[in-house]
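Naming convention: chains lettered A, B, ... in sequence-line order (proteins, then strands); numbering from 1 in each chain. Everything numeric here is computed off the predicted structure, so don't read it as measured data.
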Protein chains: 2
Amino acid sequence: MNTRTRDRILKAAEELFAEKGFDGVSVREITDRAGSNVASVHYYFGNKKGLYLAVFRERMAQRAKKVQELFWKEIGDDPTPSAEKIIKTLARAFLKSPFSKKERMLHHKLMAREANRPTEAYSIFHKEVIAPFYNALIELLSPYLPEGLSRQDRVLYVLSIIAQVMHFNLARSMISHITGQPYTDRFIDRLVNHITRFSLYGINYRADR
Amino acid sequence: MNTRTRDRILKAAEELFAEKGFDGVSVREITDRAGSNVASVHYYFGNKKGLYLAVFRERMAQRAKKVQELFWKEIGDDPTPSAEKIIKTLARAFLKSPFSKKERMLHHKLMAREANRPTEAYSIFHKEVIAPFYNALIELLSPYLPEGLSRQDRVLYVLSIIAQVMHFNLARSMISHITGQPYTDRFIDRLVNHITRFSLYGINYRADR
DNA sequence: TTTTTAATCAAACGTTTGTTTAAAATAGAG
DNA sequence: CTCTATTTTAAACAAACGTTTGATTAAAAA
């Protein structure tokens with residue numbers, strides 16, 4: 001198995017799928033960017049759908065786990081982190097993860113695609129990666145949430161935070177139009193601070209109560 | 001001009017474009033659903049892209065304006081509405097607008113698609129519909145936002161609210177998985193209440209200050 | 001050395017794509 | 001009814017699509 005060719009195809013496929021969607025990209029476009037033959041997709045992945053599934057299994061899951069690792073590493077040493085630390089770390093893990101801006105972007109794009117219209121690729125990904133992370137976040141945030149909420153109510157708070165991260169990433173073009181700001185590092189820093197502040201107040205936790 | 005056939009095509013096109021994206025749908029699929037001939041798209045809209053533009057001009061823009069009218073109607077009589085009223089009305093206008101759930105969903109799907117990767121269809125739509133609404137919202141909310149913020153900072157607050165509305169609508173499948181709740185009317189009511197509460201605290205306005 | 005395996009390639013497969021054409025059907029006015 | 005303009009239709013087009021094939025290469029195994 002020549003993993004180099006296979007990896008080049010995976011990389012090109014991930015980029016193009018995120019950018020244009022499954023139907024927006026042709027196999028030839030992928031193999032051209034990867035510098036391989038059209039037939040190589042069949043050779044390594046069976047068919048186009050198999051390639052899409054592989055992108056999810058081997059690239060998305062990996063990346064999501066890395067984001068989570070980063071989150072836990074920053075939280076890690078603190079047994080009972082403050083609400084501010086949890087939220088800021090969460091926003092940063094998503095918006096300033098250890099990937100290039102391009103990589104982070106395409107990760108979120110594919111996530112959004114699947115959260116909306118899940119393919120077969122998603123169910124395992126959800127069970128193994130998404131769900132455990134959400135559950136852990138709920139545990140972590142619970143002490144700071146209004147009392148007496150059901151689990152279903154508490155998860156909404158986590159979703160409100162994630163919602164902002166996702167939207168500020170995915171609606172970049174519109175947001176740049178409306179704010180007049182390009183997505184520079186400085187602007188992203190400002191977004192992280194805004195999301196943190198908004199969400200911290202959003203959960204309505206006050207240390208002085 | 002036989003508007004009946006033309007309208008059927010527009011309706012089918014909007015549904016399918018929202019669901020699968022521009023490249024995910026074939027002209028034949030659209031005309032089949034509309035119950036017309038393949039060539040009718042050429043006859044009424046020139047080509048596939050022209051049909052997509054027409055969907056935006058004639059369906060999306062109309063709908064967005066209706067949502068905004070609903071918002072202003074509920075706000076209307078009040079010259080200086082409270083922060084709570086503004087936010088609740090905003091959340092409701094988006095999540096409980098005078099359309100069917102299906103209609104609202106496909107509207108938001110297309111919005112998200114274009115906010116992410118805008119086509120020519122978007123620029124006019126943005127200039128005439130989106131931007132004015134955002135600007136008006138900023139004006140309305142400004143008295144309740146932290147003082148001394150630039151316009152660019154203030155728009156972020158509006159975006160945080162919209163972000164939640166969009167995400168709770170678009171990531172339905174994932175959210176149902178994670179909460180264990182199907183998207184019933186009762187659940188959507190709960191979402192509206194949650195978003196309102198979270199966002200109201202999020203802007204950190206307190207009448208007692 | 002001979003045989004087997006892994007990898008890549010150009011070429012072609014049958015379908016589906018968006019688009020166009022020209023004829024047929026329909027509708028409305030005189 | 002007749003004539004004309006509008007609308008709908010079946011058929012065909014080239015181009016692009018995903019997929020498959022059989023040949024070719026080079027390295028590994030026998």
Side-chain angles (χ1 to χ4, degrees), chain A residues 1-60 106 110 113-114 117-122, chain B residues 1-60 106 110 113-114 117-122:
Chain A
M1 165 94 77
N2 185 346
T3 56
R4 287 203 331 276
T5 301
R6 194 175 180 280
D7 286 345
R8 281 199 329 271
I9 295 174
L10 271 177
K11 180 165 178 280
E14 186 184 28
E15 291 170 8
L16 289 166
F17 281 147
E19 193 186 335
K20 309 185 182 186
F22 183 82
D23 297 298
V25 194
S26 70
V27 175
R28 280 170 182 80
E29 203 176 347
I30 294 169
T31 51
D32 279 358
R33 178 174 294 198
S36 72
N37 190 270
V38 213
S40 53
V41 163
H42 167 255
Y43 183 75
Y44 286 109
F45 305 99
N47 53 30
K48 190 184 181 183
K49 191 185 242 177
L51 172 56
Y52 187 76
L53 292 172
V55 164
F56 242 82
R57 250 195 327 270
E58 301 179 32
R59 297 213 127 219
M60 294 293 291
L106 63 88
L110 273 175
R113 249 181 238 288
E114 293 289 329
R117 225 162 75 87
T119 63
E120 303 130 61
Y122 190 66
Chain B
M1 166 94 78
N2 185 344
T3 55
R4 287 201 336 274
T5 301
R6 193 176 182 280
D7 286 345
R8 281 198 330 269
I9 295 173
L10 271 177
K11 179 166 178 281
E14 187 186 27
E15 290 170 8
L16 288 165
F17 282 146
E19 194 186 335
K20 309 184 183 186
F22 184 82
D23 296 302
V25 193
S26 70
V27 176
R28 279 168 183 81
E29 203 176 347
I30 294 170
T31 52
D32 279 358
R33 177 174 295 199
S36 72
N37 190 271
V38 214
S40 54
V41 164
H42 166 255
Y43 183 74
Y44 286 109
F45 305 99
N47 53 31
K48 189 184 180 182
K49 192 185 246 175
L51 171 56
Y52 188 76
L53 292 172
V55 164
F56 248 81
R57 248 195 330 270
E58 302 179 33
R59 297 213 126 221
M60 294 292 291
L106 63 87
L110 269 176
R113 250 181 236 288
E114 291 289 328
R117 223 163 76 86
T119 64
E120 301 132 62
Y122 189 68

Pair A:H42-A:N47, side-chain contact (heavy atoms from CB on, under 4.5 Å): steps then yes or no: CA-CA 5 Å; A:H42 167 255; A:N47 53 30; over 6 Å; no

Please determine whether a side-chain nitrogen or oxygen atom of B:N37 lies at a distance below 4.0 Å from atom OP1 or OP2 of D:dA10. yes

Send over the distance from B:L51 CG to C:dG18 P, rounded to a whole Å. 11 Å

Sorted by number, the residues of residues 10-28 of chain A with heavy-atom contact under 4.0 Å to DNA chain D: A:V25, A:S26, A:V27, A:R28

Earlier contact from the 5' end, DNA chain C, for B:E29 and B:A39: B:E29

Quick one: B:F45 CZ to C:dT20 C1', roughly how many Å, whole number? 18 Å

In whole angstrom, give the distance that lies between atom OH of A:Y52 and atom P of D:dG18. 15 Å

Donor-acceptor pair, distance only, cut-off 3.5 Å: does the side chain of A:R28 make one with the backbone of A:V38? no

At 4.0 Å (heavy atoms only), tell me whether A:V41 reaches a base, stays on the sugar-phosphate, or touches nothing. nothing

In chain order, what residues pass the side chain to side chain contact (heavy atoms under 4.5 Å, CB included) check against B:A12, with sequence neighbours excluded? B:I30, B:R33, B:A34

Distance test, side-chain N/O of A:T5 to OP1/OP2 of C:dT8, below 4.0 Å: yes

Let me know the distance between CD1 of B:I30 and P of C:dT19, rounded to the nearest Å. 11 Å

Closer than 4.0 Å, any side-chain N/O of A:Y44 to the OP1 or OP2 of C:dT8? yes

Atom-to-atom span, CD1 of A:I9 to C1' of D:dG18 - whole angstrom: 15 Å

Spacing of B:Y43 atom OH relative to D:dA10 atom P, expressed in whole Å: 17 Å

Does the B:K48 side chain pair with the main chain of B:V41, one donor and one acceptor, at a distance under 3.5 Å? no

Is the distance from OP1 or OP2 of D:dT20 to the nearest side-chain N or O of A:H42 less than 4.0 Å? yes

Using atom NZ of A:K49 as one end and atom C1' of D:dT19 as the other, report the distance to the nearest whole Å. 15 Å

Taking C-beta and beyond as the side chain, do B:N37 and B:T31 meet within less than 4.5 Å on heavy atoms? no

Could you check which of D:dG18, C:dT19, D:dT7 has an atom nearest any side-chain atom of A:K48? D:dG18

Please name all residues satisfying ring pair (Phe, Tyr, Trp, His ring centres under 6.0 Å) with B:F45, sequence neighbours left out, ordered by chain then number. none

Between A:S40 (side chain) and A:Y43 (backbone), is there a donor-acceptor pair under 3.5 Å? no

Using whole Å, what does the distance between atom P of nucleotide C:dA10 and atom CG of A:D32 come to? 11 Å

